[in-house]
4 protein chains.
Amino acid sequence: MAKDDKRERILDAALALFAERGFHGTAVPLVAKAAEVGAGTIYRYFESKERLVNELYRREKQRVVEHVLRALPTADSPRAQFHSFFRSIIGFALENRASFTFLEHHHHAPYLDTESRALEERTVMLALSFLAETARQRITKPVAPEVLMAVVWGAIVRLLKEIWDGHVSLDEATLDQAEDVLWEAVRL
Amino acid sequence: MAKDDKRERILDAALALFAERGFHGTAVPLVAKAAEVGAGTIYRYFESKERLVNELYRREKQRVVEHVLRALPTADSPRAQFHSFFRSIIGFALENRASFTFLEHHHHAPYLDTESRALEERTVMLALSFLAETARQRITKPVAPEVLMAVVWGAIVRLLKEIWDGHVSLDEATLDQAEDVLWEAVRL
Amino acid sequence: MAKDDKRERILDAALALFAERGFHGTAVPLVAKAAEVGAGTIYRYFESKERLVNELYRREKQRVVEHVLRALPTADSPRAQFHSFFRSIIGFALENRASFTFLEHHHHAPYLDTESRALEERTVMLALSFLAETARQRITKPVAPEVLMAVVWGAIVRLLKEIWDGHVSLDEATLDQAEDVLWEAVRL
Amino acid sequence: MAKDDKRERILDAALALFAERGFHGTAVPLVAKAAEVGAGTIYRYFESKERLVNELYRREKQRVVEHVLRALPTADSPRAQFHSFFRSIIGFALENRASFTFLEHHHHAPYLDTESRALEERTVMLALSFLAETARQRITKPVAPEVLMAVVWGAIVRLLKEIWDGHVSLDEATLDQAEDVLWEAVRL
DNA sequence: TATGAATGAGCTTTCATTCAT
DNA sequence: TATGAATGAAAGCTCATTCAT
């Protein structure tokens, strides 16, 4: 499986570099060097730098989604599912900083193609239907699910940035507080 | 005032382009063309591309802060001040989409200099002391102000993106709902 | 005489800068700033940067020649005249380092025009005829005057460089020695 | 040896152009064109234009030194060694006009780095110790070797210029005369 | 299949020259 | 007459992409 190995190594190297220096700030030969492959090799696996960033975006997006869904106790209460979701996201981000940073940084980047955008859309849908259902059950507020989503997701993203900047301490108590704050925001 | 005129035109052009395509994605000649000046002219007003982005960052940051502070009813209740803050930010962003997008996109960019970072710090402090004081008065939650800040600010940023993407409708009712959701998140 | 004043100031500024940084290394606006005139003003007095360097070359060349000729005891012995010449050149160079350096550095520069080259030629002629005459008188060697000229002039130029570099000490004894060495080289 | 081939072609092209037009007067794309390589290729072999000129300076300096030393009859009389030195230099210069002109033109250029300067220093030392030793043996004049060096070297440089300008004819007799003139200058 | 040397378009920046004032 | 802001061509340099090996 030498081939896939190489492909993954390129994606891994690109992930770290794009997260740290951005898409335009990262030269393809640099990715090649970090992946320990020849510069030309990248073009055997990816048509162009844009294709590379798109395939990477999809891979990482899928990884987060799977990470969250795998842990989700779909049979439990909405509150319990919210807890799981919150902790999954935080957990994933802390263990995969580059991945999370990369995804946030490239959200809606002009070089993302239709497929990447569609995947993003589908991901959002999962959360939206959850919030639509809990609203119907009068558990969460009778507010457009998109609004609640924006609040929860936006808050989490910012929270993580503050944690990484050292402005918010990373401990169980703080995480529980943050989770409660967000639940209070959305619950009826 | 031909001189200021040109300087402002460059900053305005850079604002629109940096917001849309990012710093590295925007070539200086492109800014020049948009500002309808020669490429060399930009360097009469700004030492380098990095200086340009920094001066732009400061100009825009100051504009938002002033916009918010000017309207803030400091003598009124914290709830009233929160309302003013929320509406000021939303109002500013909607009328200055490029400015808001640019500031968000360049938050903590590696090419921001000490002065720009210091200004950012001072801005954040304003919000943090407000939340620290209301917490002391047992109006907002006894949670680190940085956490509440992250929630409120992160939520607002995301909300605006969703509005611009057309996923959240822009009407008084929705805005009031969003504001209430956030206030419930932070209030005791 | 405000006009000539300005012209001279431009030439003076250009002399110092061209000597220090070379022709291509000196920007016209820099000359303007050093001369305390507007950049456009230079073009009122000189058609182009090349014209400026040519007129400067001529002015400085004439200055050295006049300096040397003024002191030359044409009625005295060739040896005395040689002494005067040697000391005049050294004296001029030490008091006008920029001028001397500039002239040496621009000797045969591709942007020197016909007039500048012709002046150079005429200058050389003065020395050549002196050496031709002394050769005829069997005072200096029966060698092509161009060869003796090359030796004397080349040696002096190099000597001055070594003095300015601090490799050769600048005192009467050393100067006398150097002069004797050169006279022995040319004398029969 | 495709690699060395290209590197050498770049150095050769740069040598000709720098000798003719100077460092600042020669654009990198011009060197590329003359070397028949792409402009970017130059930067695969040389970090910067300054690095290129330094590596070129060292290559050429070493070539002259080796050329001279290889022929030097170290066991013979000082006069014989002087003869060898004189003819070696003249021979090298005539066969490598660009190299000689380049080295003279870039002597002490502000963009030469420490290594280049050190090499220059070492080169000069060789000549200085020769003159110091012959002075001790009362063969050359009891004059600072730096002065004699300046005379000999300056004279040779100038002589070559005059030869190339066609002012001094290039024949055995003339060369012998010039050599004698210089030996008389330095000998006791 | 994999490479990395080579490329040239395009980047940021400089500067000789012009021209409205 | 004198200015200096403005310019755009061209500088040094980078990098996405190709292609001979």
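Computed from a prediction, not measured in an experiment: that's the story for all the values here. Protein chains get the first letters and strands the later ones, always in sequence-line order, with residue 1 at the start of each.
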>> How many whole angstroms separate atom CD of B/Glu36 from atom C1' of F/dA5?
In response: 17 Å
> What residues, two or more places apart in sequence or in another chain, satisfy ring-ring contact (aromatic ring centres under 6.0 Å, His included) together with A/Phe92?
Replying inline: A/His67
>> Rounded to whole Å, please give me the gap between OH in A/Tyr45 and C1' in F/dT17.
In response: 18 Å
> Quick one: D/Ile42 CD1 to F/dT14 P, roughly how many Å, whole number?
Replying inline: 13 Å
Name the pairs: protein N/O against N/O of nucleotides 19-21 of chain E, kept only if under 3.5 Å.
none

>> Between P on E/dA5 and CZ on D/Phe46, what's the gap in Å once rounded to a whole number?
In response: 15 Å
> Want to know the stems of DNA chain E: at least 3 consecutive Watson-Crick or G-U pairs with distances under 3.5 Å, which are they?
Replying inline: E:2-21 with F:2-21
> Between F/dG12 atom C1' and D/Lys33 atom NZ, what is the distance in whole Å?
Replying inline: 18 Å
>> Can you measure B/Leu17 atom CG to E/dC11 atom C1' for me and round it to whole angstrom units?
In response: 16 Å
>> So if I take residues 21-31 of chain B and measure heavy-atom distances to DNA chain E, which residues fall below 4.0 Å?
In response: B/Thr26, B/Ala27, B/Val28, B/Pro29
> When the distance from CD1 of B/Ile10 to C1' of F/dT7 is rounded to whole Å, what number comes out?
Replying inline: 12 Å
> Looking at residues at least two apart in the chain, or sitting in another chain, which of them share a side-chain contact (heavy atoms from CB on, under 4.5 Å) with B/Glu50?
Replying inline: B/Phe23, B/Ser48, B/Tyr111
> Between residues 47-54 of chain B and DNA chain E, which residues have a heavy-atom gap below 4.0 Å?
Replying inline: B/Ser48, B/Lys49
>> Quick one about A/Glu55 and A/Tyr45 (side-chain donor to acceptor, distance below 3.5 Å, no hydrogens or angles considered), yes or no?
In response: no
> Mapping B/Gly38 and D/Ala39 onto DNA chain F by nearest heavy atom, which one lands closer to the 5' end?
Replying inline: B/Gly38
